[in-house]
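Working notes, beginning with the structure itself.
The chains referred to below are lettered A, B, ... by the order of the sequence lines, with proteins before strands, and numbering in each begins at 1.
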Number of protein chains: 4
Amino acid sequence: MSSISETRKQQILDAAADFFLKSGFHKATMADICSSAKMSPGSVYRYFKSKEEIIEALYIQKWETSRSDLKFFLKKMESSVIFADDLVKNLLMGLSMKKPFDPLFMEMRTETLHNPRFGDIERNGFLALESELAQAFSKAQQRGNLSLSVEPEKSAKFFITLLQGLVMNLSLFPEMDVMAYSPLFHKILE
Amino acid sequence: MSSISETRKQQILDAAADFFLKSGFHKATMADICSSAKMSPGSVYRYFKSKEEIIEALYIQKWETSRSDLKFFLKKMESSVIFADDLVKNLLMGLSMKKPFDPLFMEMRTETLHNPRFGDIERNGFLALESELAQAFSKAQQRGNLSLSVEPEKSAKFFITLLQGLVMNLSLFPEMDVMAYSPLFHKILE
Amino acid sequence: MSSISETRKQQILDAAADFFLKSGFHKATMADICSSAKMSPGSVYRYFKSKEEIIEALYIQKWETSRSDLKFFLKKMESSVIFADDLVKNLLMGLSMKKPFDPLFMEMRTETLHNPRFGDIERNGFLALESELAQAFSKAQQRGNLSLSVEPEKSAKFFITLLQGLVMNLSLFPEMDVMAYSPLFHKILE
Amino acid sequence: MSSISETRKQQILDAAADFFLKSGFHKATMADICSSAKMSPGSVYRYFKSKEEIIEALYIQKWETSRSDLKFFLKKMESSVIFADDLVKNLLMGLSMKKPFDPLFMEMRTETLHNPRFGDIERNGFLALESELAQAFSKAQQRGNLSLSVEPEKSAKFFITLLQGLVMNLSLFPEMDVMAYSPLFHKILE
DNA sequence: TATGAATGAGAGTTCATTCAT
DNA sequence: CATGAATGAACTCTCATTCAT
């Protein structure tokens, strides 16, 4: 019962993500979203009170996905003995292959400038990623797979910042050599 | 004649920058811009064919300013003997005073996703900054003020990427400790 | 069977009356009415073909109630020896306690302007009240409790007209002194 | 300059009055009003911020007209020696001939039930009419043309109330015998 | 019969742009 | 050249009504 409702909501969010991606939050119209979701406006508004609520829901969902993706990735890294090496290598390979850059994050970040609610979501999302990463660093140290001179929280922050810059570069130059950045990431983990 | 026209254009661009900053490209209306520029819509449309053309002109101008700011900054650095130290210190101090970067760049980057013309401007802008920086690194090496192990172009790219990530972080967490990042920048210049 | 159906209908009419009172015919939505009646839209539409039909049914019912209230009131007056005095006194006291009239009548009267069917209901309702009143006057005269110089029908018409004006005044100035009007009503019955 | 703007506003108000009359405030659409005023929506919204603002402006204007009409009428009555007779006679003749009943007043009164701003306008309008009438009564007494036993304010109130009831009756029964009410009005002025 | 999700025409309003003056 | 009134397509959102279950 709730599941049907959830399905519908997801249907709308997917359609919205599609169009937001193509045209941006502002140029994408509710009519676009409705027709892409194959629903009438009236139906869409049964599930979301406004266009902004759709954007916000998408926003939150994007961050949740990002976080769980990172968690999953870090879980896999736990079995690695040469933690730093594998982490950087796999991360950058993932970046260069799966094109994980999601333009919606940029769209969202821009909204953040004008909508304080979005700012909070964004900040929480970021801090959560940092925290996941810092924990992974700690654990790796405990396992003896990461240099004890690394300060987990600080390094996590650096890591995320650099990653963010890299991802933005990637959005502009999709053919760039991502792997070239591995020495820099490594320096963070020394 | 052209000079008066240029003045008018600049008047419009300044007003537009003001409002775009406050409300974003999409929420800022032409009426806002007109009244802020103290011109009538008819006049504004004499100087720019469309709202988009204003955005584009502003876009280009922003990059030009950034580039010449960077040039000026790097010129000053030429007299520095401890080049890397001074460069990083002054750059981060500048950042923490939030002078050289502004939210419009994020707004613009987002537009890039939906308007290919903007993508070109953005890419050119980036490459120009990288090039300026790479040249500065080369010169510093020639003067003996920078380690010869630094590869100018690669390091410039790293530098810009990291800077970009940092700026984005800063937009979310204005109170963050920018200076903490100086070791990381230094590593790029070692 | 019919009785259950009648109960359902009444449930809807009561809920509708509630919301029409609060928000007016046009601002009250079917959703409001449905949820207030604790029925689904589908059910409500089983009993009434349209929102307008609900309004009309309510309209008719309001007039029926008014008429039977008046009848009941006049019945009680039959035992009065000083008919005119008691009639006016009790009527105005009733008015000042705001029982027998409600704002829905105004709402309804306005609908009259745009829906001829409503005009008929309204006219019939009015004439019925007048007729009740005229009969009561006649009977009172027969009992010797009302001056024979009173022309029942004409006076009834005057009575209703004045009452109508008074009620409208009351809707605007709820604190007005209703009793002050009793001399005027008395003049009609002299 | 302001005059052109005033003309446009009036054009809109006239068109709105037309459609409000035909269909009521709620059923009349902005598109109706625009096309009737031969203006585009954008233009109409240059002069009025919202549909509600149009209604309110119309409301105020209606009351102003009513008041000045009454003033003009009472001015003419000042030359009358048999004040009460002439007042009632002319008033009722006016009522029966000029069909001065304006359905918009009913529409407005209904809105009053749901919009406090309108309530204030309505109350002020009413009190102004009463006050005009009371003054006229006083003056007539001073001229010796009206019985001194009349209490101007109270009688004005009665007068307006009765008139209101009469006008409402008239709206329902346009063919009714208005003149039949003159004795009742006379009683108020005795 | 009852439900409540789905519909979709149409509401009020906005705003980039045009053009008569 | 400048003005600002005028435009009208397009926007977000609503709600009376329908219909599959």
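Of the candidates F:dT17, E:dA16, F:dC13, F:dC13 carries the atom nearest the A:Lys51 side chain, counting heavy atoms from C-beta on. Distance from the side chain of B:Met30 is smallest to E:dT17 among F:dT17, E:dG8, E:dT17.
Within the 4.5 Å cutoff, side-chain heavy atoms of C:Glu107 are placed close to those of D:His114. With contacts defined as side-chain heavy-atom distances shorter than 4.5 Å, the pair C:Asp18/C:Lys22 qualifies. B:Phe48 is listed as a side-chain neighbour of B:Lys9, based on a closest heavy-atom distance under 4.5 Å.
Here D:Tyr45 does not reach the OP1 or OP2 of F:dA6: none of its side-chain N or O atoms lies under 4.0 Å away. Distances shorter than 4.0 Å separate some side-chain N or O of A:Tyr47 from OP1 or OP2 on E:dA6. Applying the 4.0 Å criterion to OP1 and OP2 of E:dT3, one finds that C:Ser40 has a side-chain N or O inside that range. Listed pair C:Thr29 / F:dC15 fails the phosphate criterion, with no side-chain N or O lying under 4.0 Å from OP1 or OP2. Side-chain N/O atoms of A:Ser43 include none lying less than 4.0 angstrom from OP1 or OP2 on E:dA5. At the phosphate of F:dT14, neither OP1 nor OP2 sits under 4.0 Å from any side-chain N or O atom of A:Arg46.
Look at CD1 on B:Ile12: it is 15 Å from P on E:dA16, rounded to the nearest Å. For A:Met39 and E:dA6, the CE to P distance is 5 Å, given to the nearest whole Å. Here the P atom of nucleotide F:dC1 and the NZ atom of B:Lys38 are 22 Å apart, to the nearest Å. What separates CZ of A:Phe48 from P of E:dA6 is a distance of 13 Å, to the nearest Å. For the pair D:Glu52 CD and E:dA11 P, the computed distance is 18 Å after rounding to whole Å. Rounded to whole angstrom, the span from the NZ atom of B:Lys27 across to the C1' atom of F:dC11 amounts to 15 Å. The distance from atom CD1 of D:Ile55 to atom C1' of E:dG12 is 12 Å, rounded to the nearest whole Å. Here the C1' atom of nucleotide F:dT12 and the NE2 atom of B:His26 are 17 Å apart, to the nearest Å.
B:Tyr59 does not carry B:Lys62 over the face of its six-membered ring by the limits of under 6.0 Å from the centre and within 45° of the normal.
Environment of CZ in A:Arg117: sparse, with no more than 12 heavy atoms of neighbouring residues, nucleotides or ligands closer than 6.0 Å.
Looking at which nucleotide of DNA chain F each of A:Pro41 and C:Lys49 is closest to, the 5′-most match is held by A:Pro41. The residue among D:Arg8 and A:Ala28 whose nearest nucleotide of DNA chain F is located toward the 5' end is D:Arg8.
A 3.5 Å limit on both hydrogen-bonding distances identifies F:dT3 as the Watson-Crick or G-U partner of E:dA20.
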